[in-house]
Amino acid sequence: MKKLSVIFTFLLLATLTKAQQTISPATNQVWWGYFSENDFGYKDAMLSRGRVRPLMACIRIPANNQLLKSATIKAVRVYLSAKTVEPLSDMKIWISRSLPDKVSDADYVQDITTPLTTNANDFELTTPYVIGDTEFYIGYYVKSTVSSFIRIAGLPTSDALYIGNPEAEMSWVDTASSGKLPFQLLLEGGEFKDYDASPHDFKPTYVSTGQSVEIPIEITNNGRVTIHDFSYTITVNGITSAEQNISCTDIPYNYTGQVTIPFQGQDAEGINVYTLTVTKLNGQPNTSTGNKAKGKITTVENVQSWPRRMLLEEFTTERCVNCPEVATMLSEFTQSYPNLASRMSIVCHHSGYSTDWLTVSASSSYEWFYNNYGTTYAPALMYDRYSWTKTTPVEHRKNSAEEYQSPVNSRLSVPSYANIQLSATFSSNKRNIIVTANCERSWDFCSTPSRITLFLTEDNINARSQSGADGSFVHQHVLRDVNETWGTPLTWNNNKASYSHTFSLGWTWKTDNLKVIAFISGYNANDPTDCTIENVAEVNMGGSPTAVSTISDRHDTIAECYTIDGRKISTPQRGLNIIRTAEGKTVKVMVR
């Protein structure tokens, strides 16, 4: 292809300024990309690449792409972050059949001289690009006065993100494991269909004999028509169910939606592979060749379960400018949704974006969860170390306190097959905490030997130099110590196990602000997505010689509630409460 270098005329500049308000596709056109706007719901981050420099970012289109090879690229869309638009300059759109050493080596280069805006920036190509059968790369070049300025989003996807600039001493790196480049192509032509949707394989789960389990299934809409409902069948052991229909929240073109589908357990115990086939979309045949999704479901006879308490782990450091905002959101979430918050434990790992004076070695080791020590960032979170993807349990921050409802609800709605009765006592000199965990399980639920991990956390620690904070900042949920980084294997006898550990306290730690958190999980050293937490317990040391279980540790039904001085109240209040349960117990419960 002949190399082109384009400098806009005033007339073309005026045209593009108007086009930058976003280009609406014509009848035979469609915006396409590995990225879609709902990817921002999974992750919306800036990729850090050290010192300030010009960079090139791009996606790869493989050779002989059956969907795209008959299409022509008419324009591109670049999504930029509000925090980095102003420092950006000298943007160029480029296309090349190989990754170039410098932007001028690309086969096609187009200077962008229009003002850049937050989120979608649409740029019409002066010379439309015919895709054909040949592999190529397409992206942008840009300079910046800040070090993190390449926006990334969503879940890892092959070919969706390359970063580099050999001319500036940075070799090309395939960084798709970090997420996708928010970048789309306006295509004319191509083999796009109206009804084309692909379900994603789902993670293993469990169900009692004769019962059903609801499983969230992700479905990507590759067709032009928005999906309102779909039909499906389920095949297991060679038997295919009758076709079922289910309504769903609208899934537009190039979006991935989530729908909960019931799967029936078998009449006998065992592990079975279930195949979900999406047969119709809005009543029309699904033309996708990838219309099937698979997953393993283990059927267990008369399995006992316990209500779940979940662990939310946040990666944060004082160098992280966005972390104070997330800390505020989490605080707002716990205050706005007390019923959910009462069944959550929170711990902050001071890692993921460099380290600081509160970092412990275990927290640095947990960076392994970022796709086996892939690209790290903060703020980031894990919910029970459960992975909604095939690569990592680490999720990006949400954009509001309300958005934390979905992942928290998702985990808390899953029954647990293990339980922990946790107690913690100060030594006589209050320099140690003696912890005992009595555990039980209904069956051997874990694919690896189940382990117990103990965290000791401290609240209300004054920051030394927190980036992004106005005025003073106080750290909460800081990890101070752990029994073993990856937990201690439990020895089960008749599905019961006991474990004890003693924490030695640092001289500066405030005993009134300490909590002990225990959780049972698996640990697969070869797979960060196979370390899911089965259940959690917590005690708030609260300055008392003997810790009292918090209200969130208990799952009994409250019949009556009294203050410590005997006044009857409708619901537990902050401080110590006397609870009489429907099960006939009277217990003291501390509400934080």
Partners passing ring pair (Phe, Tyr, Trp, His ring centres under 6.0 Å) against [X] (at least two apart in sequence or in another chain):
| X | answer |
| --- | --- |
| Tyr232 | none |
| Phe315 | His349, Tyr370 |
| Tyr79 | Phe35, Phe40 |
| Tyr523 | Trp368, Trp486 |

Considering only heavy atoms from C-beta outward, does the side chain of [X] approach that of [Y] to under 4.5 Å?
| X | Y | answer |
| --- | --- | --- |
| Phe369 | Glu313 | no |
| Ile461 | Trp357 | yes |
| His228 | Thr226 | yes |

Going by the rule side chain to side chain donor-acceptor pair (under 3.5 Å), which residues pair with [X] if we only count those two or more places apart in sequence or in a different chain?
| X | result |
| --- | --- |
| Ser36 | Asn38 |
| Ser331 | Gln335 |
| Asn322 | Lys83 |

Exercise for the section: Check step by step if ring pair (Phe, Tyr, Trp, His ring centres under 6.0 Å) holds for Phe263 and Phe202. Expected result: CA-CA 12 Å; Phe263 287 76; Phe202 48 96; 5.1 Å; yes
Run the side-chain donor-acceptor check on residues 216-224: report pairs under 3.5 Å with partners two or more places apart or on a different chain.
| from | atom 1 | to | atom 2 | distance (Å) |
| --- | --- | --- | --- | --- |
| Glu218 | OE2 | Tyr42 | OH | 2.5 |
| Thr220 | OG1 | His200 | NE2 | 2.6 |
| Thr220 | OG1 | Thr256 | OG1 | 2.8 |
| Asn221 | OD1 | Gly223 | N | 3.0 |
| Asn221 | ND2 | Val225 | O | 3.0 |
| Asn221 | ND2 | Ile251 | O | 2.9 |
| Asn221 | ND2 | Pro252 | O | 3.3 |

Handout entry: Cation-pi check, Arg60 onto Tyr34 ring (under 6.0 Å, within 45° of axis)
Key =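 The answer is no; the distance or angle limit is not met.
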Handout entry: Within 45° cone of Phe149 ring axis and under 6.0 Å: Lys143 NZ or CZ
Key =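 No, Lys143 and Phe149 do not form such a contact.
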Could you list the residues that satisfy side-chain contact (heavy atoms from CB on, under 4.5 Å) with [X], not counting sequence neighbours?
| X | result |
| --- | --- |
| Tyr253 | Val30, Trp32, Phe192 |
| Thr334 | Ala341, Ile346 |
| Arg319 | Thr317, Tyr353, Ser354 |

Practice task
Could you tell me which residues satisfy salt bridge (Lys or Arg N to Asp or Glu O under 4.0 Å) with Glu325, sequence neighbours excluded, listed by chain and number?
Solution key: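 Scan of Glu325 (salt bridge (Lys or Arg N to Asp or Glu O under 4.0 Å), adjacent residues dropped) gives Arg397.
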